[in-house]
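Notes follow the structure.
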Amino acid sequence: MAEKIKLTESDVLVVIDVQKDFCAGGALEVQNADAVVEPINKLMDVFPNVAISQDWHPVGHKSFYTSHEGKKPFETVEMPYGEQILWPEHCVVGTPGAEFHPGLNTNKAKAIIRKGTNVDIDSYSTFFENDRKTPTGMAGYLRQNGFKRVFLCGIATEYCVGFSGVDGRSEGFEVFVVTDATARFDNDDYDPMIERWNECGVAQVKSADLEA
Ligand code: VGL
Ligand code: ZN
């Protein structure tokens with residue numbers, strides 16, 4: 001990107017799911033997850049506004065393989081809202097794994113929106129549950145504050161960051177993913193999420209492209 005993006009008061013950084021269970025030694029480890037903490041702390045320093053998303057599942061959540069007899073981790077089931085990947089138990093309400101990475105400086109955030117709180121529905125996007133209809137409150141918070149450009153970072157690129165990008169567009173925001181501040185489950189070169197972002201107009205930027 002040749003020209004830098006100058007940040008304004010209507011820009012918001014949304015930090016997705018930087019929680020212990022997705023980091024090294026966690027219940028649902030994402031490779032390189034710990035490496036996003038430092039770039040995200042730096043972004044929080046330069047952004048005028050910050051909101052945080054937190055994966056927050058009740059015990060017995062239907063996205064856990066343990067809630068479905070005979071199922072193994074990462075198998076799928078058909079749910080009323082479509083196919084659901086079955087995850088190891090993670091980010092359970094009130095457990096240490098649900099806490100933010102201890103190195104993440106959360107002080108700057110005015111809002112922490114929790115998602116996946118309904119026992120029957122998973123939520124990848126920070127905007128909607130996986131039925132793609134039930135709002136989490138994030139869009140309302142961003143809109144009521146007059147935020148227009150949403151910059152996404154965090155974990156995981158193919159799931160929560162990815163779907164947040166797509167849904168952010170459908171909610172009418174300009175959306176950017178800060179790629180050097182995101183971490184992916186999969187280390188394939190090819191990420192189908194990038195095609196979906198291109199289709200709906202989610203831009204990809206680097207931290208170095210942004211200036212206060
Ligand atoms: C996530 C799987 C299950 C994520 C959350 O934050 O990307 N992925 N729950
Ligand atoms: Zn989850």
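Predicted model only: the values in this text are computed from it and were never measured.
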- Task: Enumerate the residue pairs fulfilling salt bridge (Lys or Arg N to Asp or Glu O under 4.0 Å) with a member in residues 161-179, sequence neighbours excluded, ordered by first and then second residue.
- Result: R132-D167, R143-E171

- For Q31, does the CD atom have more than 12 heavy-atom neighbours from other residues, nucleotides or ligands under 6.0 Å away? yes

- Message: Looking at every non-hydrogen atom in both residues, tell me the closest pair between A139 and F173 and how far apart they are.
- Response: O-CZ, 3.9 Å

- Message: With heavy-atom distances below 4.5 Å as the criterion, would you say the side chains of Q84 and K62 are in contact?
- Response: no

- Side chains of M79 and D120: does their closest heavy-atom pair fall under 4.5 Å? no

- Under 4.5 Å between any side-chain heavy atoms of W197 and V175, yes or no? no

- Query: With hydrophobic residues grouped by side-chain heavy-atom distances under 4.5 Å, do V50 and V18 end up in a single group?
  - Reply: yes

- Message: Tell me the closest heavy-atom pair linking L13 and I40, and the distance in Å.
- Response: CD2-O, 4.5 Å

- Message: Would you compute the distance between atom OG of S63 and atom NE2 of H90 and round it to the nearest 0.5 angstrom?
- Response: 5.0 Å

- Message: Quick one, R196 and F163 - any side-chain contact, counting heavy atoms below 4.5 Å?
- Response: yes

- Message: Listing request: all salt bridge (Lys or Arg N to Asp or Glu O under 4.0 Å) pairs with a residue in residues 13-25, at least two apart in sequence or in separate chains.
- Response: D17-K115, K20-E99

- Please check if V119 and V93 belong to a single hydrophobic cluster, counting links between Ile, Leu, Val, Met, Phe, Trp and Tyr side chain heavy atoms closer than 4.5 Å. no

- Task: Count the heavy atoms belonging to other residues, nucleotides or ligands that lie under 6.0 Å from NZ of K206, then report whether that count exceeds 12.
- Result: no

- Message: If I take atom CH2 from residue W56 and atom OG1 from residue T95, how far apart are they, to the nearest 0.5 angstrom?
- Response: 7.5 Å

- Message: With heavy-atom distances below 4.5 Å as the criterion, would you say the side chains of L43 and V178 are in contact?
- Response: yes

- Is a donor on one side and an acceptor on the other found under 3.5 Å between the side chain of S123 and the backbone of N130? no

- Can a salt bridge be assigned to the pair E129 and K133 using a cut-off of 4.0 Å between side-chain N and carboxylate O? no

- Task: Indicate the atoms forming the closest heavy-atom contact of S164 with Y124, along with that distance.
- Result: OG-O, 4.2 Å

- Establish whether I16 and V46 are linked, either directly or via other cluster members, by ILVMFWY side-chain heavy-atom contacts under 4.5 Å. yes

- Item | Approximate separation, where rounding is to 0.5 Å, of F64 CZ and C91 SG | 7.5 Å

- Tell me, do I5 and F176 make a side-chain contact under 4.5 Å, heavy atoms counted? yes

- Query: Per the side chain to side chain contact (heavy atoms under 4.5 Å, CB included) rule, which among L210, V15, V12 passes with F47?
  - Reply: L210

- Distance, nearest 0.5 Å, that separates CG of L104 from CE of M44: 4.0 Å

- Item | V37 with I112, same ILVMFWY side-chain cluster at under 4.5 Å | yes

- Note on the structure: Between the CG atom in D45 and the CG atom in N105, the distance rounded to the nearest 0.5 Å is 7.0 Å

- Message: Pair N145, N49 - check side chain to side chain contact (heavy atoms under 4.5 Å, CB included), show working.
- Response: CA-CA 10 Å; N145 281 280; N49 309 291; over 6 Å; no

- Basic-acidic side-chain contact under 4.0 Å: R149, D11: yes

- Of all heavy-atom pairs between I121 and H61, which one has the smallest distance, and what is that distance? O-NE2, 3.1 Å

- Item | Q144 CD: over 12 foreign heavy atoms closer than 6.0 Å | no

- Item | Nearest heavy atoms of A181 and P39, plus distance in Å | CB-CB, 4.2 Å

- Message: Does the plane of the ring in W87 sit parallel, tilted or perpendicular to the ring in F185? Use 30° and 60° as the thresholds.
- Response: parallel

- Item | Worked verdict on Y81 versus D122 for side chain to side chain contact (heavy atoms under 4.5 Å, CB included) | CA-CA 10 Å; Y81 53 81; D122 203 6; 3.8 Å; yes

- Message: Rounded at 0.5 Å granularity, tell me how far CD in Q54 sits from OG1 in T136.
- Response: 13.0 Å

- Message: Test of understanding: clusters of I, L, V, M, F, W, Y form through side-chain heavy atoms closer than 4.5 Å, transitively. Do L86 and F22 belong to the same one?
- Response: no

- Message: Any heavy-atom pair between the side chains of F147 and Y141 that's under 4.5 Å?
- Response: yes

- Shortest non-hydrogen contact from T76 to K71? O-NZ, 3.3 Å

- Query: Could you walk me through whether I194 and Q204 pass the side chain to side chain contact (heavy atoms under 4.5 Å, CB included) check?
  - Reply: CA-CA 9 Å; I194 291 176; Q204 296 181 68; 3.6 Å; yes

- Query: Side chains of T134 and N118: closer than 4.5 Å at any heavy-atom pair?
  - Reply: no

